[in-house]
Each structure stands twice: as C-alpha cells, then as structure tokens.
Number of protein chains: 2
Amino acid sequence: MSKSRTSIVDIARAAGVSKSTVSLVLQGSPLVHEKTREKVNTIIGDLGYVYNRGAANLRQSRSKIIGIVVNDLTNSFFAELAVGMDMMVQSAGYVQFLAHSGESVDRQREVISSMRENGIAGLILSPARGTEVGDIKPLADSGIPVVVVVRNVPGAKVSRLISDNYAGAKAAIRHLISLGHSRIAFMGGFVDTAVFGERLRGYVDALLEANIPFAEELVIHSAPSRAGGVAAVERMMVFAERPTAALCLNDAVAFGVCDGLRSNNIEPGKGFGIIGFDDVIEAKTAVPALTTISVDPQGMGQRAAQLVLKQINAGQNIPESIVTSVRLVVRQSCGAPVKQLEELA
Amino acid sequence: MSKSRTSIVDIARAAGVSKSTVSLVLQGSPLVHEKTREKVNTIIGDLGYVYNRGAANLRQSRSKIIGIVVNDLTNSFFAELAVGMDMMVQSAGYVQFLAHSGESVDRQREVISSMRENGIAGLILSPARGTEVGDIKPLADSGIPVVVVVRNVPGAKVSRLISDNYAGAKAAIRHLISLGHSRIAFMGGFVDTAVFGERLRGYVDALLEANIPFAEELVIHSAPSRAGGVAAVERMMVFAERPTAALCLNDAVAFGVCDGLRSNNIEPGKGFGIIGFDDVIEAKTAVPALTTISVDPQGMGQRAAQLVLKQINAGQNIPESIVTSVRLVVRQSCGAPVKQLEELA
DNA sequence: TGACGAATTTGGAACGTTCCAATTATATAG
DNA sequence: CTATATAATTGGAACGTTCCAAATTCGTCA
C-alpha cells in the first residue's frame with residue numbers, strides 16, 4: 001500500500017548514491033563500479049522498485065511500444081497474424097498496444113489516435129474495410145513507421161506486406177482444372193477489399209488461360225465468414241447448371257461451404273471440390289481436410305513486426321512493399337487423389 | 001518531419017495565452033472563455049498537435065491503460081473474450097495492452113512486469129496453465145486491481161470471474177441421460193486446470209445422481225484442442241464397450257471429436273451424441289450444429305472489463321468473485337429431437 | 001609527494017503535462 | 001467612480017527519468 005511509487009531518488013537515498021548513478025545502473029552502463037552496482041541492485045530488490053518507463057520516454061522521446069490494430073480478432077487468420085506479431089514484438093523487448101477494430105473505420109480511427117497520444121514507436125495495421133489514406137497519413141507524416149498488412153490501403157505511402165493473392169488463386173484454379181473441373185465458382189466476399197479483387201483476378205485469369213469463359217454468375221458474393229459460406233451454397237443450389245467446384249475467398253468461407261453442402265446432402269470433397277485460402281490452423285484437421293492456399297499468417301505477422309522494427313531502428317522511413325509467396329496445399333476437400341505429401345506437422 | 005513534437009507551450013505561444021490555459025482547454029474545463037477556447041482549438045488543429053498522455057500520467061499518476069493477458073488468442077473462445085474486453089475498455093475511454101502468453105508462465109511473467117513498468121491502471125488475466133499466486137501478487141500488492149478470468153488462480157486474493165462449469169457440465173450430462181444414454185465419456189483436457197476439475201466434477205455428480213456408476217476409463221485425456229478431440233476418438237475406438245455419447249471439455253475438442261468420428265464413419269449426432277462447452281461462434285453454423293454449454297465469452301469479457309474498471313474507479317480493491325451462469329443450448333450434435341427453439345441470430 | 005589520466009560519481013536542466021495559489025480582467029451594485 | 005464579487009488567466013513547482021558537463025576519487029608513475 002505504498003502511498004507513492006518508489007522512485008529512483010528513493011533508492012538513491014537508500015543506497016547513499018546519486019540518482020544519476022542509479023539511472024546508470026538501471027541501463028546497465030559499464031561506467032559504474034561493480035560494488036556500487038550490486039549495492040544498488042539489492043536495494044532495488046528490497047524496496048520493490050518498479051521502473052517508470054513513461055517518465056523515461058518523456059525524456060528520451062523514443063518509446064518501446066508498438067501499436068497493432070487488427071480488423072477482426074475472432075477470425076482465426078487474423079488472430080494468428082496477431083500472435084505472430086506478438087512473438088516478434090515481445091522478443092525484441094517491445095510491448096504492444098493490440099486493438100480490434102471490428103471492421104469499423106471509426107473505431108479504427110479512434111484507436112489509432114489514442115495510440116498516437118500514448119506515444120507508439122510504430123504501427124502495424126491490418127486495415128478495416130474502407131480504410132482510406134487519410135486514416136494513416138497523419139501518423140506516417142509525423143515520422144512514425146507504419147506497416148500495412150494483408151489488405152492494401154490504396155495510395156498510402158507506407159510499407160506493406162501482402163500475400164500473393166493473385167498467384168495463389170491462379171494456382172488453386174489450375175489445380176481444379178487439372179482435376180477435370182470446368183464449372184468452377186468463386187465464393188465469398190464483396191468487392192470492397194483489395195484481397196477480393198486480387199484473388200478474383202487470379203481466378204479469372206486462370207480460367208481464361210485454360211480457355212474457359214468467365215461467367216459472371218459464378219462469382220457468388222457473401223459475407224467473408226463461415227455463415228457467409230453457408231449462404232453462398234444456398235444461392236448456388238438453385239442454379240440450373242451447378243458448378244462442380246469452388247474456390248473460396250478464405251478458409252472460413254470454405255468451412256461454411258462444407259457445412260452448406262452437407263445440409264444439402266452433398267459430401268464435400270466427393271461430389272464437390274472445395275479450395276480455401278489462408279490455411280488456418282483448423283484446415284489440416286477438419287474433415288475433410290481442407291485443400292487451401294497456405295499463407296502462413298503467423299509467419300506474416302512475424303515478418304510484419306520485423307519490418308516495423310527495422311524501420312524504427314533505421315530512423316528513416318522508406319516505404320517498402322513485400323509480397324509474400326503462398327503455396328497450394330492439397331488435402332482432401334478438392335477431391336484430388338492426394339498426390340503431394342502433407343507438410344510435416 | 002517536425003523535429004520535436006509540438007507541445008502545449010508551442011500552441012500557447014501561437015495562441016498568445018499561457019500553457020495553463022491550453023491545458024484547461026484540453027481538459028474541457030468550463031473555466032475558460034468561449035472565445036479563448038475556440039482560438040486555442042483552431043491553433044491545435046493547425047499545428048497538428050498531439051496530446052502526450054505519457055507526460056500527463058507522469059504528473060497525475062493515474063493512467064488510462066488496462067493490461068490484458070490472454071493465454072491463447074488462437075483459440076476462438078479466448079479471442080472472443082478479448083474482443084469483449086476490448087469493446088468495454090475502449091468505450092470507457094481506456095486503451096489496452098493486450099498480450100498473448102501462449103500458455104507460458106515465463107512469457108506471462110515478462111509481459112506482466114513490462115505492463116507494470118508501463119503503468120497500467122488495472123489488469124485482466126486469463127492465466128496460463130500453471131500460474132501461481134506469486135505471479136500476480138506483487139501487482140495486486142501495489143494496489144493495482146487485478147481480475148482473473150476463466151481459470152482460477154488458487155490462493156490469489158484478487159477478483160475472479162468464472163463461469164459455472166460445474167452446473168454446466170451437470171446440465172449437459174442430465175440432458176444426455178434424458179436422451180437415453182448411459183455410457184457417456186468425458187473427453188479432452190488434463191487435470192492441470194481448474195476448469196477441467198470443475199467440469200469433471202459436474203460430469204461425475206450428474207452420473208451418480210442418476211445411479212450410473214462412474215467409470216474411470218471413460219475420462220479420456222487429450223490436448224484441449226481440435227487435434228486433441230481427434231486423438232481422443234482414436235483412443236475410444238479400441239474400447240470393447242464403446243460409449244454412445246461424450247461431453248467434451250470445450251467446443252474445440254468437440255469439433256475434433258466430430259472429425260474423428262467421421263474418419264471412423266460414424267456420423268456425429270446420429271450414431272454418437274456430442275456436447276461441447278463454451279458455445280464459440282462456429283458452434284451454431286457447424287454441421288451438425290453443436291449442442292453445447294453457452295458461456296458467452298464476449299459477454300464474460302465485457303463483464304471482466306467492467307469489473308476492473310469499477311475497481312479502478314472505486315480506488316479501493318476489494319476482491320470480488322463472480323460466477324457467471326451458463327445454459328445448455330440444444331442443437332443437432334447430441335442427436336436430440338430439437339425440442340427448444342434455436343436462439344435468435 | 002605531486003601530477004596526470006582514467007575511472008566513477010554527481011548536480012541540475014530538460015521532457016510535457018497538471019495543479020495550485022495568485023493575479024488580472026470584467027461585470028455588478030452602490 | 002469606487003468597491004466588490006466573479007470570471008478568466010497565469011506562473012511555477014512537481015511528476016520520474018535521462019543526459020550532459022563538471023566534479024571527485026583512484027591508481028600509477030616520475
């Protein structure tokens with residue numbers, strides 16, 4: 001129940017040295033004599049002193065806080081992304097403000113400005129749908145490194161880390177075509193995100209490449225969630241000529257599509273080929289195991305954190321764009337004979 | 001590229017008033033004249049001033065930061081818990097340090113001490129397995145409100161918010177018995193968490209209550225994850241006399257059990273009754289829809305945040321224990337004729 | 001012993017805010 | 001026009017640290 005936090009001068013007094021010496025000890029400076037260091041350290045332990053990082057920041061105006069804003073933590077893709085960042089950030093001796101915008105740009109704006117007031121050294125942003133340049137410009141202008149992940153923010157002059165959505169979608173469709181499918185749907189999502197656009201483009205180009213005409217009605221929009229997948233199947237069921245396979249916007253949608261097919265007595269992977277996108281952790285153990293494009297969200301999170309840390313240390317802020325490569329992981333849901341060994345667990 | 005952050009005195013100078021006045025404006029004090037307020041506010045806008053909350057904390061030593069440590073963000077139960085907290089914390093004008101301990105007590109300790117240095121006003125902890133009193137005592141002793149959620153930390157004199165695991169498990173087993181099951185397994189988890197113990201106790205008591213003897217071998221331990229559920233089924237398949245239903249430690253295990261059954265050509269909900277625990281968001285849309293004990297993680301998160309906020313505002317720190325009630329949500333996976341309307345979406 | 005360089009230690013100003021007591025401006029009443 | 005209450009503003013100390021320049025102590029060598 002100490003009335004006021006014990007400070008550096010309290011322990012200085014107790015140790016019979018000056019506050020400067022204590023400060024030196026705290027930062028592990030080689031300037032202080034071994035005996036003095038010991039004495040100070042024991043006193044620190046005895047008095048239960050806790051370092052006040054806020055006060056230190058005030059003086060040296062470089063904090064050890066990294067802001068992370070994620071659009072949807074309940075989606076396991078983003079949760080893993082966040083965990084990857086967390087690992088990297090922690091082990092670099094930083095600490096994080098992690099907030100969830102829930103796809104609301106207003107909330108996102110509030111959160112970012114609050115982080116700014118709290119003096120973050122850098123920001124990693126997985127933007128909410130509809131994020132605009134103006135939402136991040138002030139931060140970036142004031143010299144704080146910003147890294148945008150997963151989704152692009154068009155026009156923003158900041159670093160980005162995006163997975164190769166185009167190539168991934170293309171690989172998926174090629175695989176389905178090689179299995180003999182020609183009526184292939186694209187399920188889930190709306191045109192409002194860059195991710196959607198890129199994946200759709202890969203889908204279209206792979207079809208054209210195989211001389212399969214692109215049919216507008218096979219793009220079935222829905223929420224990018226498990227429930228959205230179910231809804232997409234419902235809409236598909238009324239088609240006169242039904243597709244025989246689908247590429248889904250992400251794994252969540254793909255699981256929903258499996259659910260929806262089962263409700264219609266179609267066994268996913270048997271009567272209908274499904275490919276997801278992201279390779280979330282459940283993809284491997286689901287039944288049927290989901291064929292998907294592996295994006296390695298945790299790895300992406302780590303790289304994003306590394307990128308922002310690098311920029312913080314560099315001091316200067318040269319935007320950098322990284323496109324991370326993805327790979328097709330063939331499992332059971334596309335109905336292929338498993339031709340490729342499952343990656344090691 | 002401003003060299004140094006513009007401060008309150010910069011804008012004071014520009015507005016031709018004293019820094020005190022600017023400070024007053026910033027806190028919306030009624031003491032300042034309307035005209036002055038306007039003038040100051042426009043200058044603030046023009047100069048792109050950003051408030052330095054750190055400096056303010058230094059003076060008034062009450063921060064607006066709440067620390068949240070979650071053991072596993074990739075588990076959607078905990079992710080939703082975190083989101084619930086986030087909502088409450090943000091709307092109370094606080095900001096959060098959210099960290100992920102990954103079930104490591106060491107990492108958890110580091111994270112907590114780092115939060116402490118950064119001056120949190122309160123802490124919400126969903127403890128890693130094996131957390132001990134000593135891990136939170138120093139914080140609590142220094143007068144910072146601590147709320148422990150989901151899992152108990154035995155012996156800690158802090159507030160807790162736990163769901164009624166005992167009653168939930170009991171309700172689940174009663175339901176299975178009412179459907180005619182008598183050989184019922186308990187799947188997933190190890191004895192190392194309080195949650196496991198409480199749920200198992202509910203399971204046992206409900207059996208005894210119905211004069212069904214408790215059989216040790218029907219408690220099938222496994223990792224509390226989807227993969228663990230699959231593993232548990234494998235172990236069950238070799239039993240001479242197989243159970244006809246199972247209560248799972250949580251929904252993740254339950255999904256894994258469904259997967260495992262399907263691999264063995266048993267249709268979950270038909271040949272075998274399954275009840276989960278937690279009611280994560282996917283439980284409703286999965287096929288078969290999962291019968292489970294609804295714990296409302298997001299609601300729990302909100303309540304936990306409210307509790308810690310209350311304690312922060314109260315100043316004093318009287319530990320409070322809240323047991324939140326749970327309810328059985330009957331869906332398809334237990335094979336019951338759906339006798340109760342699905343809750344509204 | 002005195003001097004000199006290296007090793008340690010130290011006082012005080014700064015960082016950007018809040019808060020208090022004190023001051024100044026403005027309005028009201030006599 | 002003065003006295004007085006009220007409204008608005010203000011200077012300076014304080015919060016806990018870092019950093020710098022300066023001071024002190026120590027050891028060594030002539």
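Only this structure's heavy atoms are used, side chains among them; waters, hydrogens and symmetry mates stay out. Throughout, a chain's letter reflects where its sequence line sits, starting with A, and its residues are numbered from 1.
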For this session: Find out whether B/Ile136 and B/Val148 are in side-chain contact, i.e. whether some heavy atom of one side chain is under 4.5 Å from a heavy atom of the other.
Result: yes
Exercise. Do B/Ile312 and B/Ile66 touch side chain to side chain, with heavy atoms closer than 4.5 Å?
Worked result: yes
What integer distance in Å separates [X]:[atom1] from [N]:[atom2]?
{"X": "B/Leu58", "N": "D/dA14", "atom1": "CG", "atom2": "P", "result": "14 Å"}
{"X": "A/Asn52", "N": "D/dA14", "atom1": "CG", "atom2": "P", "result": "18 Å"}
{"X": "B/Asn57", "N": "C/dT17", "atom1": "CG", "atom2": "P", "result": "12 Å"}
{"X": "A/Ile8", "N": "C/dC15", "atom1": "CD1", "atom2": "P", "result": "19 Å"}
{"X": "A/Tyr51", "N": "D/dC15", "atom1": "OH", "atom2": "P", "result": "18 Å"}
{"X": "A/Ile11", "N": "D/dG16", "atom1": "CD1", "atom2": "C1'", "result": "12 Å"}
{"X": "B/Glu117", "N": "D/dG16", "atom1": "CD", "atom2": "P", "result": "15 Å"}

As an exercise, state the distance from [atom1] of [X] to [atom2] of [Y], rounded to the nearest 0.5 Å.
{"X": "A/Met115", "Y": "A/Ile144", "atom1": "CE", "atom2": "CD1", "value": "11.5 Å"}
{"X": "A/Ser163", "Y": "A/Arg303", "atom1": "OG", "atom2": "CZ", "value": "10.0 Å"}
{"X": "B/Gln96", "Y": "A/Ser114", "atom1": "CD", "atom2": "OG", "value": "9.5 Å"}
{"X": "A/Ser63", "Y": "A/Asn118", "atom1": "OG", "atom2": "CG", "value": "9.0 Å"}
{"X": "A/Leu161", "Y": "A/Glu320", "atom1": "CG", "atom2": "CD", "value": "9.5 Å"}

Exercise. Do A/Glu80 and A/Ser76 pass the side chain to side chain donor-acceptor pair (under 3.5 Å) test, and can you show the C-alpha distance, the side-chain angles, and the key distance before you say yes or no?
Worked result: CA-CA 6 Å; A/Glu80 289 191 52; A/Ser76 59; 4.9 Å; no
Problem set entry | Terminal axis angle for the helix from C/dT1-D/dA30 to C/dG30-D/dC1, five pairs an end, nearest 10 degrees | 60°
Problem set entry | Distance below 4.0 Å between B/Gln60 side-chain N/O and C/dT17 OP1 or OP2 | no
Exercise. Is there a donor-acceptor pair closer than 3.5 Å between any side-chain N or O of B/Asp10 and the backbone N or O of B/Ser7?
Worked result: yes
Problem set entry | Any donor-acceptor pair under 3.5 Å from B/Asp86 side chain to B/Ala82 backbone | no
Exercise. Which part of the nucleic acid, if any, lies within reach of A/Arg62 when heavy atoms closer than 4.0 Å are counted: base, sugar-phosphate only, or nothing?
Worked result: sugar-phosphate
Seminar exercise, completed: For nucleotides 21-28 of chain D, 5' to 3', base contacts (B), sugar-phosphate-only contacts (S) and non-contacts (-) with protein non-hydrogen atoms under 4.0 Å give --------
Problem set entry | Footprint string (nucleotides 4-13 of chain D, 5' to 3'): B base within contact, S backbone only, - free, heavy atoms under 4.0 Å | ----SSBBBB
For this session: Decide if atom NZ of B/Lys137 counts as having more than 12 heavy atoms of other residues, nucleotides or ligands within a radius under 6.0 Å.
Result: no
Exercise. Can you name the ring-ring contact (aromatic ring centres under 6.0 Å, His included) partners of B/Tyr49, sequence neighbours left out?
Worked result: none
For this session: With sequence neighbours excluded, give me every side chain to side chain donor-acceptor pair (under 3.5 Å) pair touching residues 126-136 of chain B.
Result: B/Asn71-B/Ser126, B/Gln108-B/Thr131, B/Arg109-B/Asp135, B/Arg129-B/Asp192
List every contact pair, protein side and nucleotides 21-26 of chain C side both N or O, where the distance is under 3.5 Å.
none

Exercise. So, A/Glu38 and A/Lys35, do they make that salt bridge, N to O below 4.0 Å?
Worked result: no
